[in-house]
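These notes are about the structure you will find just below.
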Amino acid sequence: MCGIVGYIGEKDASQVLVKGLKRLEYRGYDSAGVALMNGKMMIEKGKGKVSNLEKKIDTKKLIAKIGIGHTRWATHGEPNDINSHPHVSESGNIAVVHNGIIENYNSLKKKLELRGRTFKSATDTEIIAQLLEEIYTTTKGITFEQAIQLTLKQIVGTYGIAVVSLDQQDKVYVARKGSPLLLGIGDNEMFIASDASPIVEYTNKVIYLDDGEMAVVTKDSYKVKTIEDVELTKEIHELEMGLEAIEKAGYPHFMLKEIFEQPRSIGDCMRGRINPEEGTIQLGGLRDVMDELVNAKRIVIAACGTSWHSALVGEYIFEYLARTPVEVEYASEFRYRDPLIGKGDVLLVISQSGETADTLAALREAKERGALVLGICNVVGSTISRETDAGVFTHAGPEIGVASTKAFTAQVVVLIMMAIKIAMEKGEITKKKAKKLIQELDSIPEKVDQILQECDEPIQKIAKMFTYAPNFLYLGRSYNFPVALEGALKLKEISYIHAEGYPAAEMKHGPIALIDEMMPVVVIAATKHTNDKTISNIEEVKARKGRILSVMNDDNKDVKELSEFSIQIPTTKDYFSPLLTVIPLQLLSYYIAVNRGCNVDQPRNLAKSVTVE
Ligand code: AGP
């Protein structure tokens, strides 16, 4: 997703902006640029990496104390120099960077062309700079701030913008509607960014803008108001994350660091919430809605991607332990099908970033229809976390790698804690059983650590065998069917190998036609209650010369004998097994992608947070 940074203060703005853009690279992008003001407007931008931009800035010695920067993930207009941001008005006096999509840019562009304005790029963003200049220069007595408000009122769509103008050389203007923006409050300096990572090394004091709000920022002040010109007093939040959380800490990639962080992140997710001695669970964020949850006739879960996979795990666990009917929806489908949801229903949205446009839209749709909307998010202060009625943070720490790993396991942990708590409240499980489950849950971080220590090497060897396989099949049953989907997604998104996840029993209904000696089949055999059936599926694959790579409990001798390669993991409750079985699949996809020379942390075409539809 696009990234925005802005700075105004006493430092060399170009250095602050370039460093900030590097911290946003993990979001995925194809071009980068800055606008700096020092008596004149200095624009440097182009297709390619931030490091290329940095070289150009250094060569040209662009020194200034105020500026804005952008990393672009193309939505309108191909990735090239002219379409990269910032975009400037015809006079060159106004520069704009933008995240989001302007849906009515064509009609606005035609109107301005009729008034003689010419456009350089194929982007929607350029319309903001041009329309702003048209309003500002043709409306008598208007202030620049008012011109921004009038411009934004004509925009249909979503935006997070930062604007600088030669007429206001001590100010940066920002506004948001559907695309996140924060202000970082420094000492005689101010920072602007689309997430906290460019800000955290300078200050931990931030203000989150909400939709329909704008701010006028100078180096020692900020004024927040609605675009209807209503002044607002915003709460100053303290960032939880530290700089070390967004550094690689010696790992070659953020993704590997985050895979190996899981014993800690799972522990952090449970800390202060489970009490193994007493056999209790406290989820403070749900305290006020516990009755609605316990009495819910059904729970609908909406999410995207990996978060949708954790939702599927949640469905199995909620229905087995709490006996509450659960429906899992792709957020992108839910929002457009006039969903049957309303008062008395519960919608639970799951999102690592808390900014996914489809998931946010599903939340708003359900809220409008009267449903109680809860959230499971990893980013404090994110839009989704602020718009839900209540929720639970996963506390996994910043997840920088585009491929989600520790967020998935943390989401599953939250779903397990919710299911146990609701099951206890409903009397579906005894306190004694709950205590045993909570004690087993408490042992998971250690079991994950054991897998990471014991399986890393063997998986590197297996990865070498399959680095150039053209396809993969992932099979799982019950709680591990969603893990089969997740394992396939991990491989797809970072190694670009086509991979499909299937319920193991589904093989007979078509996919078995794909099996031959060229097809690696990853079978997750860690669900005791379906183990015999899984063995039959493995035999069906072997009979057709498929190559079996199994993820299995260390005591599953039958599966081990049938597998060409087997990765052995500790045993746990069937419904906790996704927390363990996913780890080898994360490692397998990582090492195959590295062997293929892929950009593991920033895979092609992908963004860390999809804040556009
Ligand atoms: C998962 O590895 C991908 N990065 C992607 O599918 C992601 O899970 C999806 O875009 C949802 O993101 P969210 O959890 O931030 O809403």
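Here the structure is a predicted model, which means the values were calculated and not measured. Every number for a ligand or one of its atoms is a count from 1 in the order of the listing.
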Ring geometry between His70 and His85 (parallel below 30°, tilted from 30 to 60°, perpendicular above 60°): parallel

Mutual orientation of the aromatic rings belonging to Tyr330 and Trp308 [parallel < 30°, tilted 30-60°, perpendicular > 60°]: parallel

Which of the numbered atoms in ligand 1 are under 4.0 angstrom from any heavy atom belonging to [X]?
X: Ser404; answer: 1 (C), 2 (O)
X: Lys490; answer: 1 (C), 2 (O)
X: Ala403; answer: 2 (O)
X: Ser351; answer: 13 (P), 14 (O), 15 (O), 16 (O)
X: Ser307; answer: 8 (O), 13 (P), 14 (O)

Electrostatic pair Asp30-Lys49, nearest N-O below 4.0 angstrom: no

For [atom], the protein heavy atom that lies nearest, with its residue and separation:
atom: atom 9 (C) of ligand 1; result: Cys304 O, 3.8 Å
atom: atom 15 (O) of ligand 1; result: Ser353 OG, 2.7 Å
atom: atom 12 (O) of ligand 1; result: Thr356 OG1, 3.5 Å
atom: atom 3 (C) of ligand 1; result: Glu493 OE1, 3.4 Å
atom: atom 4 (N) of ligand 1; result: Val402 O, 2.7 Å
atom: atom 10 (O) of ligand 1; result: Val610 CG2, 4.1 Å
atom: atom 6 (O) of ligand 1; result: Gly305 CA, 3.2 Å
atom: atom 7 (C) of ligand 1; result: Thr306 N, 4.1 Å

Of all pairs that satisfy ring-ring contact (aromatic ring centres under 6.0 Å, His included), the ones with a partner from residues 579-613, not counting sequence neighbours: His253-Tyr590

Of all pairs that satisfy ring-ring contact (aromatic ring centres under 6.0 Å, His included), the ones with a partner from residues 378-412, not counting sequence neighbours: none

Nearest non-hydrogen partners of Lys490 and Ala403, listed with the distance: CE-CB, 3.7 Å

Ligand 1 to Gln411 polar contact by distance, N or O atoms, under 3.5 Å: no

Arg604 to Tyr496, cation-pi by 6.0 Å centre distance and 45° axis angle: yes

Any Glu355 heavy atom less than 4.0 Å from ligand 1: no

Ser609 to ligand 1, any heavy atom closer than 4.0 Å: no

Any donor-acceptor N/O pair, Lys447 side chain to Leu580 backbone, under 3.5 Å: no

Residues, nucleotides or ligands: over 12 heavy atoms within 6.0 Å of Tyr251 OH: yes

Nearest-0.5 Å distance that lies between atom CG in Leu489 and atom CD1 in Ile494: 9.5 Å

